[in-house]
Trainee: 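Sharing a structure with you now.
If you're wondering where the values come from, they're calculated on a predicted model, not measured in any experiment. Just so we're on the same page: letters track the sequence lines, and every chain starts at 1. The figures that follow rest on heavy atoms only: side chains count, while hydrogens, waters and symmetry mates do not.
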Amino acid sequence: MVFHVARKEILSTLRDRRAMVSSLLIPLLILPFMMLGLPLLLGGLFEREQTSITEIATIGLSYLPAELKTELETQNISFVEAQDLETLVKDGKYQVALDIPKSFSTQLEAGEKASLTLISKAGNLRSELNASKIQDAVSKFSEGIVTKKLESAGLSADVLEPITINNLDASSEAERSSGQLAWLIPFFIAVWTLAGGQVTALDATAGEKERGTLEALLVSPVRRIEVVLGKFLATLTFGLSASVMAILGYVLGGALLRSLFLKRLGDGAEEIVQVLGGSLQTTPLSILLLLMSALLLASLISALLISITMFARTYKEAQSYVAPLSFVMIIPAVGLQFSDFFGTNIFVYLVPILNALVLMDDIVKGQVAFLPVIATWASLIAFSALLLDFAFRSFKREGVIFRT
Amino acid sequence: MIEVTNLGKTFSDVTAISNLSFKVDAGEVYGLLGPNGAGKTTTLRILATLIEATTGKATVNGFDIKKDAEAVRKAIGVVNGGMGLYDRLTGKEVLYYFGKFYGMSKVAIDKRIKELDELLSLGETLNRRTTGFSTGMKQKIVIARAVLHDPPIIFFDEATSGLDIMARRAVMNFVKAYPSQNRAVIYSTHVMSEVEELCNRVGIIYKGKLIAENTVTELISQSGERNLENAFFKLVERSGMEVSA
């Protein structure tokens, strides 16, 4: 009867178009969209800003040394003489402005320190991008002056940087290639199991009460434990499906990014792809461990959802119970970014949810050990069983079933 | 078929029913008549094994409600006014879902659906998803669901509330036709005319107590009134309880 109850709940969720979109389609598409759409869109905007000619408002253009002016022009900058530069930038008429004092050229010629005033809008991406073009040109021009001075004094440019540090990365190939996946995979499993599972859990518990179908179900000869397990199984199915979709979307996005758009993204693209997990390396064992851990984590979250939503009288009330759970999932998942500070204390692997997240992080990085796996799985199974037992006991209580 | 002895139920410090005793024989439609909050629903929920009695005992179709709860549930069907349906399933899917709980095969369910279609005119309700059903259409499937396994005993609890005149008539015709040598019905309602039309015997329940029990004719005669409604108030007064709205 467990599968019979689960089958009905699954069918019911499958026929809910809104639930399908939110728990299966969105997790599949949202990450490729963010990974491909955002870099391509931003990359395109940045490229256009770099290649198109930007007019900047200036005062004292005639005091600008010809060499610096040429350097700025190679950065696609053209100059417009204007007044009240700050207002012009503030009003958005120009992205940036440059105030060149009368003494600028003479100070440079005399070997003194000279200054320019660059006016831009902090927080405005276009303004900051154009300001950085000017800063690059000025830095290049400054370096030229320093190099000339050093050469005339018979010194090498190396005197400015007497020590060079050679960095050697000691991390394993699995760690390097995992990129941000190391914490994002556990994060997705936790967050999307909750998001995907709650649609079914809410409908199967509070929804059943709200519709008035629960009483009919309970006067039939089906055992209450079978009802609880059936609803749990259906919740687990959708919770796990949503998280698998999210991971598929992520891996797909990374792979597409690497294979289709690497060249288009230009310099540093390899690094971006790596950060986004596009070069994740997996072994059959790591996939197996990851799937088992994901299944057990999803079981715990599903059992938690069922045991909480069962108390609600209405769908809306159940939603208000579930909302704080998102934070319970997100906080440890985000904390995983700093997992290197946790150390290897075995007790971490006994704390439900956190243990699964840390373990999956280890698996993706290729650092998994036997004891943490056993401790995590045992803890997840024990807590899931406790929660299901609690749900079953609650489901027998008159106060829970007929709460009005 | 049903024997209730000194049944009582207390929720925290509220007594819902106390010392309730009555018997329902085969072939009878037994009416539980009383205002809202009298304890009718609590009584039926106890008999349906949904909640446990605080005191007393009861047997349904020969099975003790505490010791043989599963056997009791197999022997009963329940229809109440507030029962809903799964809105993403068709009427037929709802019946398949519940039929399996009673151990019925697909063939047996199909055969029974055919019989119920003739009896209740289920028609299009079988193949349409229940969302958007009128209250009457919903109640037809609710009744079909309750009697799918052909139970010897059915509990109707305010089963006509919210129904239009046609749907109400269909429910009442079904109740009239259901009892036989091996079947019995408990019909719980606050509507006097339904009790007068349907019930062989009536138990008047008020503030959790059974204050009178007899045939409709005898109850009217005992009270010295002309109709059941007046008889109801008279009998409540005689029981020494205050009549309150």
Trainee: B/L89 versus A/R15: any side-chain heavy-atom pair under 4.5 Å?
Mentor: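 They are in contact (side-chain heavy atoms under 4.5 Å apart), so the answer is yes.
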Trainee: Assess whether atom CD of B/E115 is packed by more than 12 heavy atoms of other residues, nucleotides or ligands within 6.0 Å.
Mentor: yes
Trainee: Check whether A/L214 gets within reach of chain B through its side chain, its backbone, both or neither, counting any heavy atom under 4.5 Å.
Mentor: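 No part of it gets close to chain B.
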Trainee: Give the member of B/Y97, B/Y96, B/F11 that has the highest number of heavy-atom pairs under 4.5 Å with chain A.
Mentor: B/Y97
Trainee: Please find the pair of heavy atoms, one from A/S220 and one from B/F101, that lie closest to each other, and give the distance.
Mentor: OG-CD1, 3.6 Å
Trainee: Taking the basic N atoms (NZ, or NE/NH1/NH2) and the acidic carboxylate oxygens, is any pair closer than 4.0 Å for A/K8 and B/E93?
Mentor: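 Answer for the salt bridge query: no.
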Trainee: What residue in A/E215, A/H4, A/M1 has the most heavy-atom pairs under 4.5 Å with chain B?
Mentor: A/H4
Trainee: For chain A, which candidate among B/N80, B/L85, B/V78 shows the most heavy-atom pairs at distances under 4.5 Å?
Mentor: B/L85
Trainee: Side chains of A/L217 and B/Y86, heavy atoms from C-beta outward: is any pair under 4.5 Å?
Mentor: yes
Trainee: NZ of B/K57: more than 12 outside heavy atoms within 6.0 angstrom?
Mentor: no
Trainee: Specify the closest pair of heavy atoms between B/A48 and A/V219, including all atoms of both residues, with the distance to one decimal.
Mentor: CB-CG1, 3.9 Å
Trainee: Looking at A/R397, A/R224, A/R7, A/K396, which has the largest count of heavy-atom pairs under 4.5 Å with chain B?
Mentor: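 Greatest number of close heavy-atom pairs with chain B: A/R224.
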Trainee: Kindly check if the number of other-residue, nucleotide or ligand heavy atoms within 6.0 Å of CZ (B/R128) is above 12?
Mentor: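 Yes, because the 6.0 Å sphere around CZ of B/R128 holds more than 12 heavy atoms from other groups.
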Trainee: Hey, does A/E398 have a side-chain heavy atom less than 4.5 Å from the side chain of B/R45?
Mentor: no
Trainee: Counting heavy-atom pairs under 4.5 Å to chain A, which of B/R145, B/H149, B/E70 comes out on top?
Mentor: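 Option with the greatest count: B/E70.
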Trainee: So which residue, A/A216, A/G212, A/P221, ends up with the most heavy-atom pairs under 4.5 Å with chain B?
Mentor: A/P221
Trainee: A/R211: what forms a salt bridge (Lys or Arg N to Asp or Glu O under 4.0 Å) with it, not counting sequence neighbours?
Mentor: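 Per chain and number, A/R211 pairs via salt bridge (Lys or Arg N to Asp or Glu O under 4.0 Å) with A/D203.
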Trainee: Show me the pairs that pass ring pair (Phe, Tyr, Trp, His ring centres under 6.0 Å) and involve residues 120-139 of chain B, at least two apart or across chains.
Mentor: none
Trainee: Does B/R169, at its CZ atom, have more than 12 non-hydrogen atoms belonging to other residues, nucleotides or ligands within less than 6.0 Å?
Mentor: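 Yes - once you tally the heavy atoms of other residues, nucleotides and ligands closer than 6.0 Å, there are more than 12.
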Trainee: Sort A/E210 into side chain, backbone, both or neither according to what part of it lies under 4.5 angstrom from a heavy atom of chain B.
Mentor: neither
Trainee: Would you name the heavy atoms of B/R88 and A/T13 that are closest together and state the gap between them?
Mentor: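 Shortest heavy-atom separation between B/R88 and A/T13 comes out as NH1-N, 4.2 Å.
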